[in-house]
Every structure is written in structure tokens, then in C-alpha cells.
Amino acid sequence: MSNSSVPARLASIEAPEFDLELTLRSGQAFHWSKSGEGYVGTIENTPVYAEQREAVFLVTPGTESLAHHYFALDHSPAAILASFPNDPAMNTAIEYCRGMRILRQPPWECLATFITSSMKQVAHIRQMSLAIRKKFGQRVQLGDAELFTYPSPARLAKATEEELRECKLGYRAKNLLGTARLIADNVVNLDRIKTMDDPAALAELCKLPGVGEKVANCVMLFAYGRLRAFPIDVWIGRVLREIYFKRKRNATPKQLRDFSQTYFGNYGGYAQQYLFHHARMKKRNEAGKQEKHTRRK
DNA sequence: CTCCAGGTTCCGG
DNA sequence: CCGGAACATGGA
């Protein structure tokens with residue numbers, strides 16, 4: 001009965017310099033679950049089991065090319081690391097994030113998920129994402145594990161705001177619904193965005209309700225593989241101010257944006273994700289120490 | 001109970 | 001372009 005979501009046979013994929021767990025826990029995608037020694041989740045509408053044993057990366061047979069694309073195993077970590085600026089904060093983040101890949105997620109579910117992310121902790125984003133899948137998605141089976149696909153724009157477009165609020169979206173329900181309708185009606189075409197250059201793609205995404213610069217950049221980076229995209233959230237904002245604007249008090253949003261686009265280079269999105277993950281882990285470790293102190297006695 | 005979370009939008013300087 | 005305020009919900 002244990003680990004029966006693990007297929008009897010697994011297919012191995014060439015995946016040098018790749019860390020599956022680190023990648024799935026870095027706040028890019030929110031629906032993967034631990035199962036046995038690996039993780040289960042969906043890629044597009046296909047259920048996938050993925051597991052890493054040392055340097056060997058294993059997935060459900062038949063999903064090799066899907067997984068290769070999704071986990072961006074074609075990216076070159078060596079070239080990416082070599083492109084980063086050489087400063088203490090960046091070098092520390094690199095040590096924390098070796099093997100992390102920027103995923104190539106399906107645009108719609110990435111977009112929809114990040115619309116729900118505003119003013120929410122990662123754990124909440126995960127809860128909302130799973131609730132939406134369970135309520136509106138299709139059930140797919142993987143061994144005895146039960147997974148749900150992310151519902152299409154057309155499916156969510158015919159949901160009511162009330163139904164979406166039942167997934168704990170709060171004020172985000174109206175934005176997700178509005179965006180689903182614009183895409184279902186082909187007012188905005190997510191496939192066409194693939195053919196646009198970065199500024200045009202960003203502007204197109206920002207036409208959607210609930211999509212501002214930060215969410216648009218997340219989609220650019222985590223779905224469209226625009227590796228220069230540099231989403232600036234509260235965490236990265238703090239890092240930029242405390243590390244790179246130490247002397248200049250009160251850096252404006254425009255200053256942060258201009259700096260991030262020039263300083264971090266052609267793989268700025270990777271740099272951003274490394275700095276983001278390191279900042280979160282550091283905070284979590286500090287909280288853990290505090291916990292032990294206050295709990296003792 | 002208070003604080004804050006991978007923001008966006010609208011509004012007055 | 002900038003700072004403020006409103007907007008829901010639930011962990012810490």
C-alpha cells in the first residue's frame with residue numbers, strides 16, 4: 001500500500017546539475033505533492049511522478065519529453081551562473097540554490113495561479129490552487145493517487161465569482177474570473193504572446209485584470225522562459241533595498257526596476273529567483289531558532 | 001489580538 | 001512618477 005502512486009517502472013532522464021526538490025519548493029509552481037521518495041503533480045493534463053536519486057532523474061514512462069521541457073533541463077546552469085554579477089549577496093544565494101531551474105509552466109495555469117498570489121503567503125497560494133483544481137479541474141489517476149488538472153480558461157469563465165470565492169480567493173476571485181473571460185473570448189491570446197518580444201508580451205499580459213507588473217513578470221519568467229524577466233515582490237524589494245541600495249534611503253519602484261534590469265544581466269530572472277529563495281530560507285531558519293528559544297521553558 | 005503575506009488599482013500630489 | 005488606501009484571508 002505504501003508509495004503505490006509510484007509506477008512499477010520509471011524512465012530516467014539526463015539531468016545534470018538539477019535539484020528536483022529545490023526546484024519544486026522554490027515558489028514557482030504550487031501544486032506538487034510529496035509522494036514516497038518523489039513528487040506527484042500534473043504537467044498540462046498529464047499526471048506525472050518524478051523522483052531524483054542522486055544524479056538520476058526518474059519520471060513516469062512516456063512523460064520524458066514533457067518533463068524535460070517543464071523542468072527546463074535544456075537550460076545551461078554553467079552559462080547562467082557565469083552571467084551573474086559577482087557580489088557577496090549573489091554568491092551566497094548561489095550556494096543555496098545550486099540545481100534550481102526556472103520551470104517552463106503552461107502559461108494559463110501559471111498566470112491564473114499568480115493572479116491569486118497577491119498579498120498571500122506561499123502556503124495560501126497552494127491551498128487556493130488545489131481548491132480550484134479540485135472544484136473545477138479534471139480528476140486524473142496516478143496509481144492510487146488522485147490528482148486534478150488546472151481548469152481551462154473556458155471552464156473558469158463560466159464559473160461564478162461566488163464559486164471562486166468558495167476557493168478562498170477573496171477579492172482575487174473577480175480578477176481571475178475577468179481574466180478567464182478575456183482569454184476564453186480570445187481578447188487576449190496566450191499563444192500569440194509567445195511570438196511577441198519582451199516589452200510587448202509584458203504589456204499584453206498587463207491588459208488582464210489582476211495582472212500588474214509583478215504578476216506579468218512571473219508569467220514571463222515561469223511560463224514563457226523570458227529569463228531576463230525580474231519580478232519585484234516584497235521579498236526582492238527588501239533584498240534590493242538592503243543589499244544594493246544600502247546607502248540610498250527610500251529607493252523608488254522605478255529605481256529598483258531600472259537597477260534590476262541593468263545589473264543582473266541576461267539571466268536576471270534566475271538571479272531574482274535565487275535571491276528570492278535564499279531570502280525566504282534565511283528568514284525561515286531565523287524563525288526556527290526563535291521558536292526553539294521561546295519554546296524552551 | 002496584531003502583523004503581514006511572491007499586488008493591483010485608483011486617486012490626489 | 002510617487003505615496004496612500006482599499007481589497008479578503010489565514011498563518012505566525
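The sequence lines fix the lettering, A, B, ..., with proteins before strands; numbering per chain opens at 1. Computed over heavy atoms, backbone and side chain alike; hydrogens, waters and symmetry mates excluded.
For the pair Phe230(A) CZ and dG7(B) C1', the interatomic distance rounds to 17 Å; values are reported in whole Å. Here dT8(B) presents its C1' atom at 14 Å from CG of Leu111(A), a figure rounded to the nearest Å. The distance from atom CG of Leu169(A) to atom C1' of dT8(B) is 15 Å, rounded to the nearest whole Å. dG3(C) atom P lies 8 Å from atom CZ of Arg241(A), rounded to whole Å. When the C1' atom of dC3(B) is taken as reference, atom CZ of Arg238(A) falls 12 Å away, rounded to whole Å. Atom OH in Tyr171(A) sits about 13 Å away from atom C1' in dG10(C), given to the nearest Å. Rounded to whole Å, the distance from CG on Leu240(A) to C1' on dG6(B) is 13 Å. The interatomic distance linking Asp233(A) (CG) with dT8(B) (P) rounds to 10 Å, in whole Å.
Between Arg104(A) and Asp74(A) there is a salt bridge, since a side-chain N of the basic residue sits under 4.0 Å from a carboxylate O of the acidic one. Between Lys135(A) and Glu163(A), none of the side-chain N atoms (NZ, or NE/NH1/NH2) sits under 4.0 Å from a carboxylate O, so this pair counts as no salt bridge. A salt bridge links Glu21(A) with Arg25(A); the closest basic N to acidic carboxylate O contact falls under 4.0 Å.
Of the candidate nucleotides dC1(C), dA8(C), dT9(C), dT9(C) has the atom lying nearest to any side-chain atom of Lys168(A). In this structure, of dA8(C), dG7(B), dG6(B), it is dA8(C) that holds the atom nearest to the side chain of Arg165(A).
Residue Glu14(A) places its CD atom among 12 or fewer non-hydrogen atoms of other residues, nucleotides or ligands, all under 6.0 Å distant.
Applying the 3.5 Å distance criterion, the base of dG6(B) shares no donor-acceptor pair with the side chain of Gln28(A).
Under the stacking criterion of a centre-to-centre distance below 5.5 angstrom and an interplanar angle below 30°, Phe276(A) sits stacked against the six-membered ring of dG6(B).
Checking the phosphate oxygens (OP1, OP2) of dC1(C), no side-chain nitrogen or oxygen of Thr252(A) falls inside 4.0 Å. Look at Arg172(A) and you won't find any side-chain N or O under 4.0 angstrom from OP1 or OP2 of dC7(C).
No contact: Arg257(A) has no heavy atom under 4.0 Å from any strand. Among the atoms of the strands shown, base atoms are found under 4.0 Å from some heavy atom of Lys120(A). Residue Leu208(A) is classed as a sugar-phosphate contact, given heavy-atom separations below 4.0 Å to backbone atoms only. At the heavy-atom level, Thr116(A) lies nowhere under 4.0 Å from the strands shown.
Judged by closest nucleotide on DNA chain B, Gly27(A) is the one of Gly27(A) and Gly210(A) placed further toward the 5' end.
We find the CG-CE distance between Leu205(A) and Met196(A) to be 8.0 Å, quoted to the nearest 0.5 Å.
No donor-acceptor pair under 3.5 Å is formed between the side chain of Gln28(A) and the backbone N or O of Gln105(A).
For the P atom pair drawn from dG3(C) and dG6(B), the interatomic distance equals 22 Å after rounding to whole Å.
The cationic group of Lys34(A) lies under 6.0 Å from the six-membered ring centre of Tyr39(A) and within 45° of the ring axis, placing it in a cation-pi geometry.
Below 30°, between 30° and 60°, or above 60°: for Tyr274(A) and Phe84(A) the angle between ring planes is above 60°, a perpendicular geometry.
Shown for residues 121-130 of chain A: residues whose heavy atoms fall under 4.0 angstrom of DNA chain B, namely Gln121(A), Val122(A).
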